[in-house]
Amino acid sequence: MEVSVKPGKYVIAVSGGIDSMVLLNLLSRTKELELIVAHFDHGIREESAVDAKFVEMSAEYLGLEFEMSREELGKNASEDLARKRRYEFLQNTQKKYGATAIITAHHQDDAIETMIINLLRGTNRKGLSALKSTNAIRRPLIGYTKREIEQYALENNVSWREDSTNQSDAYLRNFVRNNIVSRFSEPTRVYWIKTYLKMLNLNEHIDQEIADIMQNVDVINRTWLIQFPNNISCELIAAQLRKYDVLLSQKQVQDTVIFCKVAVVGSEKVLSKTVKLLANKTSVSVKQQ
């Protein structure tokens, strides 16, 4: 296995599980990388303190900086809450060290699981290629299967900790992994990967086309917006707001489109702590606070 990451300083998310420990093993061999090992303890499992110590000792053995945070989210914490808190910690660590980006150990099987989860939730097109490398979050293992990662760990004597909650179907991702993806035949797995790669390429093309259209648009023309079908209106609004670093859920985008089309003159819609919309007679302008 080989991974490619441009030289620089990175925060690498390490849970102690096999995926992140393999990633740490691979990246620590690259001299051009300055790594900060970051571990987030959700406080969900009794043995999580042991996992944290294991990751800390692994970082120390490799001579790498180590950062960790623990929160008492409790055993009933949702997947979404746990993910949100974890990424907040990783982003704060990135800012603290002035790192280029965050690196995670997501792999090909994770991409398939994410596609299925998003389909179950009623995703739009972007949900079919949601798990990918970006400038902010690098995922160098995304081209490898879980089986390949396990084989590498065995061949290179990589130690890891097993997460007991991975066997619990109480979490949607675990249910999808244990009851759907694990039962795929090889042709079925190949089909899903081809679909993922096709949607990744298609979405990048669509996003670029929309970005080009919206590049010089400063205000949202209400008459212009009303003429489009709802799905296209949603795409255009989401693209406009991304220019201001505002990322909304599918429902929030729908609500924002409705506001842009029907809001009375002078109405305001707050989108974040720093951005709001102001409805004018013929347009909607974006105001930064």
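None of the values given here were measured: they were computed from a predicted structure.
- Leu27 and Tyr97 sit in two unconnected hydrophobic clusters of ILVMFWY residues. Membership requires side-chain heavy atoms under 4.5 Å apart, directly or through other members.
- Partners of Ala136 according to the side chain to side chain contact (heavy atoms under 4.5 Å, CB included) rule, which considers only residues two or more places apart in sequence or in another chain, are Thr134.
- Across Ser20 and Gly16, no two heavy atoms sit closer than the pair OG-N, 3.3 Å.
- For the residue pair Arg121 / Asn118, no side-chain donor-acceptor distance below 3.5 Å is found, with atom types taken as modelled.
- Residues satisfying the side chain to side chain contact (heavy atoms under 4.5 Å, CB included) criterion with Ser285, sequence neighbours excluded, are Val219, Leu278, Asn280, Lys287.
- Side-chain atoms of Thr188 and Ser185, non-hydrogen and from C-beta on, do get closer than 4.5 Å to each other.
- The ring pair (Phe, Tyr, Trp, His ring centres under 6.0 Å) analysis of residues 211-253, with sequence neighbours excluded, yields the pairs Trp224-Phe228.
- When the ring-ring contact (aromatic ring centres under 6.0 Å, His included) test is applied to Tyr10, no partner is found at least two apart in sequence or on another chain.
- In this structure a side-chain-to-backbone donor-acceptor pair under 3.5 Å is missing from Thr30 to Glu32.
- Listed for the Asn201 side chain is no donor-acceptor partner under 3.5 Å among the backbone atoms of Lys198.
- A continuous path of hydrophobic side-chain contacts links Val176 to Ile142 [ILVMFWY only; heavy atoms under 4.5 Å].
- In this structure, CD1 on Ile103 lies 7.5 Å from CZ on Arg138, to the nearest 0.5 angstrom.
- Without hydrogens or angle criteria, Ser133 side chain to Arg139 main chain gives a donor-acceptor distance under 3.5 Å.
- The NZ atom of Lys9 sits 11.0 Å away from the CD atom of Gln94 when rounded to the nearest 0.5 Å.
- Gln151 and Glu155 are linked by a side-chain donor-acceptor pair at a separation below 3.5 angstrom, with hydrogens and angles left out of the test.
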For this session: Go through the steps to decide whether Ser283 and Ile220 satisfy the test side-chain contact (heavy atoms from CB on, under 4.5 Å), and finish with yes or no.
Result: CA-CA 5 Å; Ser283 66; Ile220 302 164; 5.9 Å; no

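- Ile258 shares a hydrophobic cluster with Val262; the chain of contacts runs through ILVMFWY side chains whose heavy atoms sit under 4.5 Å apart.
- Salt-bridge annotation for Lys269 and Asp255: absent, with no side-chain N of the basic residue lying under 4.0 Å from a carboxylate O of the acidic one.
- Applying the side chain to side chain contact (heavy atoms under 4.5 Å, CB included) criterion to Asn25, with sequence neighbours excluded, gives Arg29, Tyr152, Val158.
- Side-chain contact between Leu197 and Thr195 is absent, with no heavy-atom pair separated by less than 4.5 Å.
- Listed by first then second residue, pairs satisfying ring pair (Phe, Tyr, Trp, His ring centres under 6.0 Å) with a partner in residues 267-289 number zero, not counting sequence neighbours.
- A salt bridge links Glu56 with Lys53: the closest approach of a Lys/Arg side-chain nitrogen to an acidic carboxylate oxygen falls below 4.0 angstrom.
- By the 4.5 Å heavy-atom criterion applied to side chains, Glu60 and Phe66 are not counted as neighbours.
- In the hydrophobic clustering of ILVMFWY residues, with side-chain heavy atoms under 4.5 Å counting as a link, Ile180 and Leu131 come out together.
- Among Ile18, Val50, Val55, the single residue meeting the side-chain contact (heavy atoms from CB on, under 4.5 Å) criterion with Arg161 is Val50.
- In this structure Lys96 satisfies the salt bridge (charged side-chain N to carboxylate O under 4.0 Å, His left out) test together with Glu67, sequence neighbours excluded.
- Linking ILVMFWY side-chain heavy atoms closer than 4.5 Å, directly or via other members, places Leu23 and Ile36 in two distinct hydrophobic clusters.
- Of all heavy-atom pairs spanning Thr223 and Asn221, the tightest one is N-OD1, 3.1 Å.
- Taking 4.0 Å as the cut-off between side-chain N and carboxylate O, Asp41 and Arg70 count as a salt-bridged pair.
- Two residues are said to be in side-chain contact when any heavy atoms from C-beta on lie closer than 4.5 Å; Thr282 and Arg222 fail this criterion.
- Summarising the geometry of Val37 relative to Leu24, their closest heavy-atom pair is CG2-CD1, 4.0 Å, with the distance given to 0.1 Å.
- Between Ala279 and Phe259 the shortest heavy-atom distance is CB-CZ, 4.1 Å.
- Across all their heavy atoms, Leu141 and Asp19 have their closest contact at CD1-O, 3.9 Å.
- Expressed to the nearest 0.5 Å, how far NZ of Lys132 lies from CD1 of Ile137 amounts to 11.5 Å.
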For this session: Check the pair Ile237 / Leu225 against side-chain contact (heavy atoms from CB on, under 4.5 Å), numbers first and verdict last.
Result: CA-CA 9 Å; Ile237 289 297; Leu225 193 67; 4.0 Å; yes

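- No hydrogens or angles considered: a donor-acceptor pair under 3.5 Å links the side chains of Asn203 and Ser129.
- A donor-acceptor pair is defined here as one N or O able to donate and one able to accept, closer than 3.5 Å; such a pair exists between the side chain of Asp109 and the backbone of Lys146.
- Put simply, CG on Leu172 and CD1 on Ile117 are 4.5 Å apart, with the number rounded to the nearest 0.5 Å.
- Asn230 places a side-chain heavy atom less than 4.5 Å from the side chain of Gln254.
- Contact of the Met21 side chain with the Ser58 side chain is registered, since non-hydrogen atoms from C-beta on lie closer than 4.5 Å.
- In summary, the side chains of Asp212 and Gln208 do present a donor paired with an acceptor at a separation below 3.5 Å, with no hydrogens or angles considered.
- Residues Leu241 and Thr256 are in side-chain contact: their nearest non-hydrogen atoms beyond the backbone lie under 4.5 Å apart.
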Problem set entry | Test side-chain contact (heavy atoms from CB on, under 4.5 Å) applied to Ile102 and Gln91, step by step | CA-CA 8 Å; Ile102 296 165; Gln91 290 162 356; 4.0 Å; yes

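- Between Lys276 and Leu271, the closest side-chain pair of non-hydrogen atoms is not below 4.5 Å.
- For Gln252, the side-chain hydrogen bond (donor to acceptor under 3.5 Å, both in side chains) criterion is met by Ser249, not counting sequence neighbours.
- Judged as a salt bridge (charged side-chain N to carboxylate O under 4.0 Å, His left out), and not counting sequence neighbours, the contacts of Lys126 are Asp207.
- To the nearest 0.5 Å, atoms CZ (Phe40) and CD (Glu88) are separated by 8.0 Å.
- The two residues Tyr87 and His106 make their nearest non-hydrogen contact at OH-CE1, 3.4 Å.
- Between the side chains of Arg173 and Thr114, at least one donor-acceptor pair of N or O atoms lies under 3.5 Å.
- Partners of Ser159 by side chain to side chain contact (heavy atoms under 4.5 Å, CB included), not counting sequence neighbours, listed by chain and number: Phe54.
- To the nearest 0.5 Å, atoms CH2 (Trp160) and OG (Ser15) are separated by 12.5 Å.
- When hydrophobic clusters are built by joining Ile, Leu, Val, Met, Phe, Trp and Tyr residues whose side-chain heavy atoms come closer than 4.5 Å, directly or via intermediates, Leu119 is grouped together with Tyr196.
- For residues 231-243, the set of pairs meeting the side-chain hydrogen bond (donor to acceptor under 3.5 Å, both in side chains) definition, not counting sequence neighbours, comprises Arg125-Glu235, Gln240-Lys243.
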